[in-house]
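Read through the structure below, which is laid out as structure tokens, and then see the notes.
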Amino acid sequence: MNLNLSNSGGSGNYIRFSPQANAWSNQDGEFILEKFVFDYENFETGWMHIAVGIFEFIPDAALGQKGAQPTADHKRGFKATFYNKTMGVAEFSANGAGANMGIDALWKQIQAQSPVDHAGKLPVVQYTGSRPEKVGKGSTRVPEFNVTGWVARPAALSDDNTGGFDPEISAPVPVKPAPSPIKAKPAPTPAMDDDEMFS
């Protein structure tokens, strides 16, 4: 399936990727993006207008079904939900070329894996860095991701989770039978095993 993210507001807990700074940030400032669960079943594409004091997202009628552009200020974008114990449930939304290319590549990875083998589960994703990319007369950076495993949907991402952002209410579900500690770059919080990240 083509997501049609090329160009011819969100929840209280959000994350952003800045190509200029080559860094991730949230409402509290810059942070290291650790391994996370991607709720791809609720992923949305659409037209997005982002400006100072403005965030408008008009979702497609169906994923990747590109409708008419509302205004010249609207660009193709997406809304994704990421989760791990450190950051909780967070929205990653963007309409920049680099972010669009990165999420499109991640989507293709997920679609290439057998839905039968992973029925009822969500992908565990590792951010592996970013690469420079020419875009028109300018340049950007494309965040790169790798699917490392699949886990049962965490309770924090379930519709019946009245706790909302409480990461403590689901039973640990490891990505692998015997996961080893994540070897991450220095971060504000120590690296954790997968069962700790998503429980």
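The structure presented is a predicted model; accordingly, all values stated were derived computationally and were not measured.
Judged by distance alone, the side chain of Asn95 and the main-chain N or O of Met48 form a donor-acceptor pair under 3.5 Å. No side-chain donor-acceptor contact under 3.5 Å links Glu144 to the backbone of Thr128. Side chain of Trp47 to backbone of Gly67: a donor-acceptor contact under 3.5 angstrom is found. With hydrogens and angles disregarded, a donor-acceptor distance shorter than 3.5 Å links the side chain of Gln27 to the backbone of Tyr14. Between the side chain of Gln69 and the main chain of His74, a donor-acceptor pair closer than 3.5 Å is present.
Between atom CD1 of residue Ile15 and atom CG of residue Asp28 there is a gap of 12.5 Å, rounded to the nearest 0.5 Å. Distance check: Ile32 CD1 to Tyr127 OH gives 9.0 Å after rounding to the nearest 0.5 Å. Interatomic distance, CD of Gln126 versus NZ of Lys35, reported as 5.5 Å (0.5 Å rounding). Here the straight-line distance linking atom CD of Glu41 with atom CG of Leu63 works out to 12.0 Å at 0.5 Å rounding.
Residues Asp73 and Glu56 have side chains not in contact (no heavy-atom distance under 4.5 Å, counting atoms from C-beta outward). The shortest side-chain heavy-atom distance between Glu44 and Phe78 does not fall under the 4.5 Å cut-off. Residues Phe43 and Phe38 have side chains in contact (heavy-atom distance under 4.5 Å, counting atoms from C-beta outward). The closest side-chain heavy-atom distance from Val125 to Leu106 is below 4.5 Å. Side-chain atoms of Phe57 and Ser93, non-hydrogen and from C-beta on, never get closer than 4.5 Å to each other. Looking at heavy atoms from C-beta onward, Val37 lies out of side-chain contact with Asn84 at the 4.5 angstrom threshold. Side-chain contact between Leu122 and Pro154 is present, with at least one heavy-atom pair separated by less than 4.5 Å.
Among residue pairs with one or both ends in residues 133-143, those qualifying as salt bridge (Lys or Arg N to Asp or Glu O under 4.0 Å) are Arg131-Glu133; sequence neighbours excluded.
Closest approach of Asn13 to Gly88, counting heavy atoms only: ND2-C, 4.2 Å. Across all their heavy atoms, Met87 and Phe36 have their closest contact at CE-CB, 3.9 Å. In terms of heavy atoms, Val147 sits closest to Pro123 at CG1-CB, 4.1 Å. Minimum interatomic distance between Met101 and Thr140 (heavy atoms only, all atoms of both residues): CE-CG2, 4.2 Å. Summarising the geometry of Ala94 relative to Ala99, their closest heavy-atom pair is CB-CB, 3.7 Å, with the distance given to 0.1 Å. Nearest approach of Asn100 to Gly77, heavy atoms of both residues: OD1-CA, 4.0 Å.
Side-chain atoms of Thr86 and Glu34 form a donor-acceptor pair, as typed in the model, at a separation below 3.5 Å. The closest side-chain donor-acceptor pair between Ser130 and Asn22 falls under 3.5 angstrom. Between Thr45 and Asp60, the side chains place a donor N or O and an acceptor N or O closer than 3.5 Å (distance only, hydrogens not considered).
For Ser18, the side-chain contact (heavy atoms from CB on, under 4.5 Å) partners two or more places apart in sequence, or in a different chain, are Gln20, Ala21. Residues satisfying the side-chain hydrogen bond (donor to acceptor under 3.5 Å, both in side chains) test with Asn26, not counting sequence neighbours, are none.
In this structure, the ring of Trp150 has its center less than 6.0 angstrom from the ring center of His118. Phe17 has its ring centre no less than 6.0 Å from the ring centre of Phe92.
Arg16 forms no cation-pi arrangement with Trp24, by the criterion of a distance under 6.0 Å to the ring centre and an angle within 45° of the ring axis.
Looking at Lys79 and Asp39, no side-chain N of the basic residue comes within less than 4.0 Å of a carboxylate O on the acidic one, giving no salt bridge.
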